[in-house]
Amino acid sequence: MFIQAPAFGGPLKNRELHLCLTLWERGVARGGATAPRPRGGAGTWCAAPAIKSAVGSAARSGGGGRAASGEINFSVIGRYVDYLVEEQGVKNIFVNGTTGEGLSLSISERCRVAEEWVTEGRNKLDQIVIHVGALSLKESQELAQHAAKIGADGIAVIAPFFLKPWNKDVLINFLKEVAAAAPALPFYYYHIPALTGVKIRAEELLDGIQDKIPTFQGLKFSDTDLLDFGQCVDQNRQQQFAFLFGVDEQLLSALVMGATGAVGSTYNYLGKKTNQMLEAFERKDFSSALNHQPTQINHLTQNSIGKQFSLPHSVFSYRKQV
């Protein structure tokens, strides 16, 4: 299971930050990703948050924010690693993704965040994958090189979403150039068309991808198109790719279709419960697995959190990376 680390703070995310810190104070923490053990033994993953100081009640709730500056509060990361490992059983991290607001951070901030997660997670976490996607190819390459330098276990990239790639070949050429900047690291494609607007089907992209990107290891699939996901799995069984599903409330359906893992935001505070669902699925106790999926994720996110904080359900669907 992978958990996406949540973004803690800044004026833009004050309500969400307050939610994160309130849940964390209760011993529950929010926003991340969990997954069953992918092929190759990757284990559970959490999306690492961009941890910023905040204003008002959010700062007073215990996040350790520095005044109202909106600067990243790196001191929280070590405690958050311990919480994930000890309380939620999550030992894999996806850093600087959607949950971590990576694309809202400067390059220097993204590098520092990645460094802190790698440092604090050493000898505690199993794997740390850094999201290095950016609109600029050179910036993505710089981030990829930095991830390799600090000892990350892999890198992931979303499609550029301003001047969008118009077909599979254009997208693969972009991904290829980024992967080549860190040739020793496993490479993952982060498929999230609802945010990027890039509608190239993942199944089409994966066809022959290792011929172009030898380090390609798998796919983070954050879309509700289960037909596309199922075709990805079915047509690439021999490659032993990691198929990491990214829509938390559909995880059980994805497992049935062949998902080997997951990256999600709700796993930051539901990691333990989701691991129980994964264990039930692996022993073919589908009734127990089904009971965990709707009651622990859908009910909590839609009713408890949504009503109290008036937050959109999408926040809990794709806040996975940092």
Side-chain angles (χ1 to χ4, degrees), residues 1-2 4 33-40 42 45 47 94 97-98 133 156-161 164-172 174-175 187-213 216-267 274 277-278 280-282 284 286 289-290 292-294 297-298 301-302 312-314 316-321:
M1 174 194 307
F2 289 77
Q4 292 203 55
T34 99
R37 186 171 300 277
R39 296 187 183 104
W45 291 79
F94 190 84
T98 306
V157 176
I158 62 169
F161 53 86
K164 299 178 178 63
W166 57 90
N167 61 32
K168 165 189 170 179
D169 291 337
V170 174
L171 176 54
I172 285 184
F174 179 88
L175 301 177
F187 181 88
Y188 299 84
Y189 173 58
Y190 182 4
H191 180 68
I192 185 167
L195 292 187
T196 64
V198 176
K199 304 299 183 182
I200 300 168
R201 288 171 59 81
E203 176 269 327
E204 178 186 359
L205 184 75
L206 263 57
D207 184 21
I209 193 169
Q210 278 192 323
D211 295 336
K212 301 290 183 64
I213 307 175
F216 183 83
Q217 180 66 31
L219 172 74
K220 179 181 182 292
F221 190 97
S222 294
D223 190 22
T224 57
D225 186 348
L226 289 175
L227 175 60
D228 186 20
F229 181 74
Q231 290 175 333
C232 287
V233 175
D234 186 63
Q235 297 180 23
N236 294 278
R237 294 186 185 277
Q238 301 303 315
Q239 281 76 13
Q240 297 293 298
F241 292 151
F243 294 103
L244 306 174
F245 198 69
V247 183
D248 304 9
E249 60 271 34
Q250 290 186 348
L251 175 56
L252 185 55
S253 298
L255 291 173
V256 172
M257 301 189 76
T260 62
V263 180
S265 52
T266 61
Y267 311 146
T274 304
M277 183 190 75
L278 298 174
F281 181 83
E282 289 181 355
K284 302 188 186 305
F286 302 125
L290 182 61
H292 282 297
Q293 172 78 82
I297 294 181
N298 296 347
T301 57
Q302 293 179 9
H313 184 257
S314 59
F316 304 95
S317 298
Y318 57 69
R319 284 180 63 86
K320 327 293 198 234
Q321 329 110 274

Inset, instruction - Keeping the roles fixed (side chain from D228, backbone from R201), state whether a donor-acceptor pair exists under 3.5 Å. - result: no

Legend entry - L226 side, atom CG; Q231 side, atom CD - distance, nearest 0.5 Å: 11.5 Å

Legend entry - Proximity of F216 and Y188 rings by center, below 6.0 Å: no

Legend entry - CG-CZ distance between L278 and F281, expressed to the nearest 0.5 angstrom: 9.0 Å

Inset, instruction - Find out whether L205 and L175 are in side-chain contact, i.e. whether some heavy atom of one side chain is under 4.5 Å from a heavy atom of the other. - result: yes

Legend entry - K220 to Y189 six-membered ring, cation-pi geometry met (6.0 Å, 45°): no

Inset, instruction - Check whether any side-chain heavy atom of F243 sits under 4.5 Å from a side-chain heavy atom of L206, and report yes or no. - result: yes

Inset, instruction - Please report the shortest heavy-atom distance between S222 and Y190, naming the atom on each side. - result: OG-CE1, 3.5 Å

Legend entry - Heavy-atom pair with the smallest gap, counting every atom of F174 and V157: CE2-CG1, 4.0 Å

Inset, instruction - Report, as yes or no, whether the 6.0 Å neighbourhood of atom NZ on K199 holds more than 12 heavy atoms from other residues, nucleotides or ligands. - result: yes

Legend entry - Sidechain-backbone polar pair: N236 side chain, Q239 backbone, donor-acceptor under 3.5 Å: no

Inset, instruction - Please work out whether the ring planes of F245 and F221 are parallel, tilted or perpendicular, with thresholds of 30° and 60°. - result: parallel

Legend entry - Taking every non-hydrogen atom, the tightest pair across T196 and K164: O-CE, 3.1 Å

Legend entry - Backbone of D207 reached by a side-chain donor or acceptor of K168 within 3.5 Å: yes

Inset, instruction - Provide the closest heavy-atom pair for L251 versus A262 in the form atom of the first, atom of the second, distance. - result: CD1-CB, 3.6 Å

Legend entry - All side-chain contact (heavy atoms from CB on, under 4.5 Å) counterparts of V170, not counting sequence neighbours: P165, W166, N167

Inset, instruction - Side-chain contact test, heavy atoms from C-beta onward, threshold under 4.5 Å: evaluate it for V233 versus M257 and give yes or no. - result: no

Legend entry - Distance in Å, E249 CD paired with T266 OG1, rounded so as to fall on 0.5 Å steps: 8.0 Å

Legend entry - Heavy-atom donor-acceptor pair, D223 side chain to A194 backbone, under 3.5 Å: no

Legend entry - Nearest heavy atoms of P193 and V198, plus distance in Å: CB-O, 3.3 Å

Legend entry - Pairwise side-chain contact, L219 with F241, heavy-atom cut-off 4.5 Å (strictly under): no

Inset, instruction - Grab the two heavy atoms, one from M277 and one from L255, that are nearest each other, plus how far apart they are. - result: CE-CD1, 4.2 Å

